[in-house]
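Excluded from the calculations below are hydrogen atoms, water molecules and symmetry mates; all remaining heavy atoms, backbone and side chain alike, are included.
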4 protein chains.
Amino acid sequence: MYIQLDFESETPIYEQLKNEIIIGIAKKQLVPGERLPSVRSLASDIGINLHTVNKAYQQLKQEGFLLIHRQRGVVVHPDGAPKADEHYEQKLKTTLRPLIADSYCRELSKEQFRRLVKSIYSELEEGKKDE
Amino acid sequence: MYIQLDFESETPIYEQLKNEIIIGIAKKQLVPGERLPSVRSLASDIGINLHTVNKAYQQLKQEGFLLIHRQRGVVVHPDGAPKADEHYEQKLKTTLRPLIADSYCRELSKEQFRRLVKSIYSELEEGKKDE
Amino acid sequence: MYIQLDFESETPIYEQLKNEIIIGIAKKQLVPGERLPSVRSLASDIGINLHTVNKAYQQLKQEGFLLIHRQRGVVVHPDGAPKADEHYEQKLKTTLRPLIADSYCRELSKEQFRRLVKSIYSELEEGKKDE
Amino acid sequence: MYIQLDFESETPIYEQLKNEIIIGIAKKQLVPGERLPSVRSLASDIGINLHTVNKAYQQLKQEGFLLIHRQRGVVVHPDGAPKADEHYEQKLKTTLRPLIADSYCRELSKEQFRRLVKSIYSELEEGKKDE
DNA sequence: GTGGTCTAGACCACA
DNA sequence: GTGGTCTAGACCACG
């Protein structure tokens, strides 16, 4: 699994890292129960700070994506991530609204938006092969 | 036009304000050429600092949504926002990917996602009435 | 003589107006001794504030481009503008330096810059015809 | 690299600072990838407010001269500034026109102007030595 | 009265 | 220690 970070991005590195891991899980490149590199080794692999990796891991644990065992280290949560509920949908909607409003102002058509979303789903579902 | 801000949110106030304005433009509650409140009056209306409003205005000007007219003050750009191009779509895709991956992990179905997007488009298109 | 103002420009209107008049003089569309419209009429023609026109006229008088008679009104200075001296050249250089540095960083070649300057001189010298 | 500001000037401090940095880049006293002082240290060095420095940095980032790197701080953009295009040339011409018209009225000869421009190019190209 | 500039000082997120 | 955000208050240029 490749982890691509952009050090010039507005998005904090730990956020980017979280995203990459979540995408990895969505693509099934990381499967439930699978072990992730240790904080230390991942940090040195990517060339970032220990604390940064740790922050990403901790938050993903908090959100139910990862489990952190004392012995077995960090693993993808065997039961999968918590399921989307009403509250989750509302939050997602609040995030999506400004993005869609912006694209709407720029005259990106509904159809174009739909295609864009579809292409992302394809990426995720075809993802296993890219590993 | 109502502007609702969440002062507890992680999202900076000026970002929320930018979003509200963009949504207002998308809903056609703010029309091209229309004048926006002065930084001072809007700031005191919302109960925030004028510099915060100014930052939002400046960035929206920079992005092509607003114009600073020497006689009419701050106005919605008469020509509308810059049109979406290939680069814009790529940026949007990069923003959307982690959101979709996350919802995918949480087993939010494609159909549910589609409905969510559709409901946002409805909001925007019906928006004029809410004014 | 056409006066084109951009109300969205960073440049103050009175500055733009001054520039237009100076360009008019350079192009000999305005000749020494020629009378300019009154503050009042020019202001209403262009659709700007009296004070704005007045400010432009006053500064041009200060700089030696115009004469303001009580009876004859505002006229182009019969003796022409004050000649460039060493101090003037230094000031010009200070203004030009950042412009050239900027274009230099953007890899605009010396030759391109030279052509650009030349095209402006041509405009000025051919200007009489455009009147 | 020396930064000389004139606190009495009409030109805003942040503008002067931007100009100094651009000149520094043109002179290759600041090279692509090189790190700039932090807003705080530069501000205290020059004796101005950190927000003023920040404004200059932000605008230069926006214009493509600088990059904010999460690890290395503020750096000169590794790819150099964006290249001059047709639009840039037009903008430059608009800026140059009044300057040239003014000097033309004051009977500064084309040749004198040419020499002045040339001397600025020399400054820039010899600049490395002045460091 | 409008936006633009500048200062000062505080708190926070990030790495 | 870095930049990012927010507040507060002052002065000025512009129209």
Side-chain angles (χ1 to χ4, degrees), chain A residues 5 7-17 43 46-56, chain B residues 5 7 9-17 35-44 46-59 61 66-75, chain C residues 5 7-17 43 46-56, chain D residues 5 7 9-17 35-44 46-59 61 66-75:
Chain A
L5 301 180
F7 294 100
E8 278 94 42
S9 164
E10 312 277 278
T11 313
I13 297 176
Y14 81 95
E15 276 280 348
Q16 296 184 47
L17 181 52
I46 322 186
I48 61 178
N49 196 296
L50 285 179
H51 303 345
T52 309
V53 177
N54 195 50
K55 185 164 187 175
Chain B
L5 301 181
F7 294 95
S9 162
E10 306 279 273
T11 315
I13 297 178
Y14 79 93
E15 274 284 347
Q16 295 182 48
L17 181 51
R35 193 178 168 184
L36 268 65
S38 77
V39 282
R40 279 174 178 77
S41 69
L42 184 52
S44 81
I46 315 185
I48 60 178
N49 191 280
L50 86 171
H51 290 118
T52 308
V53 176
N54 192 245
K55 184 164 187 175
Y57 277 5
Q58 288 299 330
Q59 292 198 1
K61 167 189 164 192
L66 303 182
L67 216 60
I68 313 272
H69 192 101
R70 291 205 99 93
Q71 296 171 317
R72 278 174 279 152
V74 178
V75 301
Chain C
L5 301 179
F7 294 100
E8 278 94 42
S9 164
E10 313 277 278
T11 314
I13 296 175
Y14 82 93
E15 276 280 349
Q16 295 182 47
L17 181 51
I46 322 185
I48 61 178
N49 197 295
L50 285 179
H51 303 345
T52 310
V53 177
N54 194 51
K55 184 163 188 176
Chain D
L5 302 180
F7 294 95
S9 163
E10 305 279 274
T11 315
I13 298 178
Y14 79 93
E15 275 283 348
Q16 295 183 46
L17 181 50
R35 192 176 170 186
L36 269 65
S38 78
V39 282
R40 278 173 179 75
S41 68
L42 184 52
S44 82
I46 315 184
I48 61 178
N49 192 281
L50 85 172
H51 291 118
T52 307
V53 176
N54 192 244
K55 185 165 187 175
Y57 277 4
Q58 288 299 329
Q59 293 198 2
K61 167 190 164 191
L66 304 182
L67 216 61
I68 314 270
H69 191 104
R70 283 205 172 268
Q71 297 173 316
R72 278 175 278 151
V74 179
V75 300

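- In DNA chain E, stems built from 3 or more consecutive Watson-Crick or G-U wobble pairs, each with both distances under 3.5 Å, span E:1-14 with F:1-14.
- Residue Arg72(D) is classed as having no contact, given no heavy-atom separation below 4.0 Å to the nucleic acid.
- Distance check, rounded to the nearest 0.5 Å: CD of Gln59(D) to CG of Asn54(D) gives 10.5 Å.
- By the side chain to side chain contact (heavy atoms under 4.5 Å, CB included) test, His51(A) pairs with Asn49(A), sequence neighbours left out.
- Val74(D) pairs with exactly one of Ile68(D), Val39(D), Leu42(D) by the side chain to side chain contact (heavy atoms under 4.5 Å, CB included) rule, that one being Ile68(D).
- Nucleotide dG3(E) holds its P atom 13 Å from the CG atom of Leu67(B), rounded to whole Å.
- Taking atom OH of Tyr57(D) as the reference point, atom P of dT2(F) lies 11 Å away to the nearest angstrom.
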Its contact letters, B for base, S for sugar-phosphate only and - for none at protein heavy atoms under 4.0 Å, make nucleotides 5-15 of chain E read BBBBB-B--SS
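- Close to dG1(F), at under 4.0 Å from its OP1 or OP2, lies no side-chain N or O of Ser38(D).
- A salt bridge links Lys61(B) with Glu10(C); the closest basic N to acidic carboxylate O contact falls under 4.0 Å.
- With respect to Glu8(C), the side-chain hydrogen bond (donor to acceptor under 3.5 Å, both in side chains) criterion is satisfied by exactly one of His69(B), Arg70(B), Gln71(B), Arg72(B): His69(B).
- With values rounded to the nearest 0.5 angstrom, Leu36(B) atom CG is found 9.5 Å from Ser41(B) atom OG.
- Of the inter-residue distances, the one linking Thr11(B) atom OG1 with Leu17(B) atom CG reads 12.5 Å to the nearest 0.5 angstrom.
- Rounded to the nearest 0.5 angstrom, Lys55(D) NZ and Ile13(D) CD1 are separated by 11.0 Å.
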